[in-house]
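Notes to accompany the following structure.
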Amino acid sequence: MTDARPLGADEATFIAAVRSGDTARFAHITERHRRELHVHCYRMLANYEDAQDMTQETFLRAWNKRESFKGHAALRTWLYRIATNVCLDFLEKRNDRTPVTFELPDSDSEVVYLQPYPDRMLPEDPQESVVARETIELAFIVAVQHLPPRQRAVFILRDVLGWPASKAADALELSVASVTSALQRARVTMRERLPDRRLDWRSPATHELSHDERGVVKSYIDAHERNDLDGLTSLLRDDLRFAMLPDPGTVIRTAKDAVDGWVSGGLFQRGSDDWRGIATTANRMPAAALYLRTPDDPEYRLFAIAVLHIVDGKIAELTGFDATDKPWLGLPPTL
């Protein structure tokens with residue numbers, strides 16, 4: 001696999017480290033790519049913890065394959081190739097990493113293994129395509145999961161990272177014609193799954209939340225803290241899409257059914273009505289970290305994180321995640 005480029009400083013330093021067996025220098029050079037490789041694995045797998053494991057496996061494979069690196073490709077390209085194939089190997093072995101269809105009125109499917117991605121772990125360079133908001137939002141990540149694994153890899157390498165067909169084909173050991181065909185099929189699926197979202201991943205992307213988004217998050221938290229169900233309902237679109245993960249079969253398609261379900265499940269009832277919240281972000285989306293204090297507990301304990309998709313000042317999609325025992329979210333466990 002070649003990039004038709006002269007040997008760069010990183011590549012020369014890497015080769016020198018390999019020849020000398022300098023593990024510290026090897027780690028220093030490769031470590032700078034960890035965050036973007038982690039995002040890449042997350043896009044492939046939709047699960048933060050799986051992505052952590054596969055990123056670590058990428059570095060182990062890179063060390064084991066270090067002698068095969070000759071500098072014909074950029075070091076970054078070589079690492080992405082390894083990471084992509086690590087994820088494909090993982091998916092080949094797991095039969096629980098595909099969307100599941102439940103008995104729902106519209107035959108929708110859920111990605112029950114989906115986890116949020118803490119923005120603090122994103123690469124720091126805001127110009128990198130790997131951190132574009134449109135390609136890290138939950139709807140995008142879920143849509144990608146509906147692609148077969150190799151098609152998924154082609155789509156991410158070609159349309160998200162902007163690799164030429166020949167480079168993607170080399171990384172996946174496919175023909176250029178196979179890559180082109182897989183990309184065309186992937187684009188059809190993505191258009192079906194994201195009909196109301198922008199689909200040009202390579203044009204300038206947004207990164208910051210809007211003023212309206214921040215305002216809705218504040219109102220959402222305030223409604224919880226006041227146990228104001230009417231106020232909470234007023235923030236939701238009538239055709240709200242709600243899911244609570246990792247619980248299966250929780251997709252709800254109306255605001256009324258969502259609120260009724262929360263109440264019938266015991267929330268906002270005595271003993272589960274003392275809330276505090278923190279405005280935050282995940283997947284470059286507005287989010288609220290919700291804390292609940294039970295009557296016999298002096299502290300508010302992290303309960304869930306609600307990631308919101310807001311359209312015209314209303315919550316159109318609400319994806320709730322169990323936030324307990326997940327220190328990687330970077331949220332305080334108690335208030």
Side-chain angles (χ1 to χ4, degrees), residues 46 99-117 133-147 188-199 206 209-224 226-268 275 277 279-290 304-322:
V100 179
T101 300
F102 297 96
E103 294 181 2
L104 299 170
D106 56 2
S107 297
D108 201 356
S109 57
E110 288 183 76
V111 180
V112 294
Y113 52 91
L114 177 69
Q115 290 181 333
Y117 199 97
R133 178 175 177 181
E134 287 80 352
T135 64
I136 200 70
E137 285 186 336
L138 291 179
F140 179 91
I141 298 299
V142 168
V144 168
Q145 298 304 297
H146 287 81
L147 302 175
V188 169
T189 300
M190 293 299 286
R191 282 193 291 270
E192 291 171 349
R193 291 282 165 183
L194 297 171
D196 300 323
R197 304 293 216 283
R198 68 176 248 172
L199 299 173
T206 59
L209 301 186
S210 69
H211 177 74
D212 282 350
E213 287 175 321
R214 296 181 190 280
V216 170
V217 173
K218 182 179 184 302
S219 297
Y220 179 81
I221 291 172
D222 287 346
H224 273 77
R226 297 195 312 270
N227 275 271
D228 182 0
L229 287 175
D230 289 338
L232 180 59
T233 303
S234 72
L235 295 171
L236 309 175
R237 276 179 40 155
D238 291 340
D239 59 348
L240 170 80
R241 184 187 191 280
F242 165 73
M244 184 68 201
L245 300 174
D247 297 336
T250 59
V251 168
I252 292 174
R253 284 291 190 176
T254 73
K256 182 180 185 304
D257 287 347
V259 175
D260 288 349
W262 297 335
V263 173
S264 65
L267 299 182
F268 303 102
W275 297 93
T280 184
T281 59
N283 295 75
R284 290 203 179 279
M285 300 173 70
L290 298 173
I305 181 170
V307 184
L308 313 176
H309 175 57
I310 297 168
V311 177
D312 297 330
K314 292 267 193 174
I315 299 171
E317 297 172 20
L318 193 164
T319 308
F321 297 93
D322 178 5

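The first residue of the sequence shown is numbered 1, and numbering continues consecutively from there. Values below: all heavy atoms of this structure, side chains included; hydrogens, waters and symmetry mates excluded.
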| With sequence neighbours left out, what residues match Tyr113 under ring-ring contact (aromatic ring centres under 6.0 Å, His included)? |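 Partners of Tyr113 under the ring-ring contact (aromatic ring centres under 6.0 Å, His included) test: none.
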| side chain to side chain contact (heavy atoms under 4.5 Å, CB included) between Arg284 and Tyr117: does it pass, once the steps are laid out? | CA-CA 8 Å; Arg284 290 203 179 279; Tyr117 199 97; over 6 Å; no
How many angstroms lie between atom [atom1] of [X] and atom [atom2] of [Y], to the nearest 0.5 angstrom?
{"X": "Phe268", "Y": "Asp228", "atom1": "CZ", "atom2": "CG", "result": "9.5 Å"}
{"X": "Met244", "Y": "Ile252", "atom1": "CE", "atom2": "CD1", "result": "11.5 Å"}
{"X": "Leu147", "Y": "Thr189", "atom1": "CG", "atom2": "OG1", "result": "5.5 Å"}
{"X": "Leu318", "Y": "Arg241", "atom1": "CG", "atom2": "CZ", "result": "11.0 Å"}
{"X": "Ile305", "Y": "Gln115", "atom1": "CD1", "atom2": "CD", "result": "11.5 Å"}
{"X": "Leu194", "Y": "Glu134", "atom1": "CG", "atom2": "CD", "result": "11.0 Å"}

Pairs of donor and acceptor atoms involving the side chains of residues 229-238, under 3.5 Å and at least two apart or interchain, shall be tabulated with distances.
residue, atom, partner, partner atom, Å
Thr233, OG1, Leu229, O, 2.7
Ser234, OG, Gly231, O, 2.6
Arg237, NE, Asp239, OD1, 3.0
Arg237, NH2, Asp239, OD1, 3.4
Arg237, NH2, Asp239, OD2, 3.0

Please report the shortest heavy-atom distance between [X] and [Y], naming the atom on each side.
{"X": "Thr135", "Y": "Ile141", "result": "O-CD1, 4.0 Å"}
{"X": "Leu308", "Y": "Met285", "result": "O-CE, 3.4 Å"}
{"X": "Val217", "Y": "Ala287", "result": "CG1-O, 3.5 Å"}
{"X": "Leu209", "Y": "Thr281", "result": "CD1-CG2, 3.5 Å"}
{"X": "Pro248", "Y": "Glu110", "result": "C-OE2, 3.9 Å"}

| query | side chain to side chain contact (heavy atoms under 4.5 Å, CB included) between Ile310 and Tyr220: does it pass, once the steps are laid out? | reply | CA-CA 12 Å; Ile310 297 168; Tyr220 179 81; over 6 Å; no
| query | Mind checking whether His224 and Trp275 have parallel, tilted or perpendicular rings, split at 30° and 60°? | reply |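 It falls in the perpendicular class, over 60°.
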| task | For the pair Arg253 and Asp257, find out whether any cationic side-chain nitrogen is under 4.0 Å from an anionic carboxylate oxygen. | result |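 Result for this pair is no, no salt bridge flagged.
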Does a side-chain heavy-atom distance below 4.5 Å link [X] with [Y]?
{"X": "Met190", "Y": "Val144", "answer": "yes"}
{"X": "Glu213", "Y": "Val216", "answer": "no"}
{"X": "Pro246", "Y": "Val112", "answer": "no"}

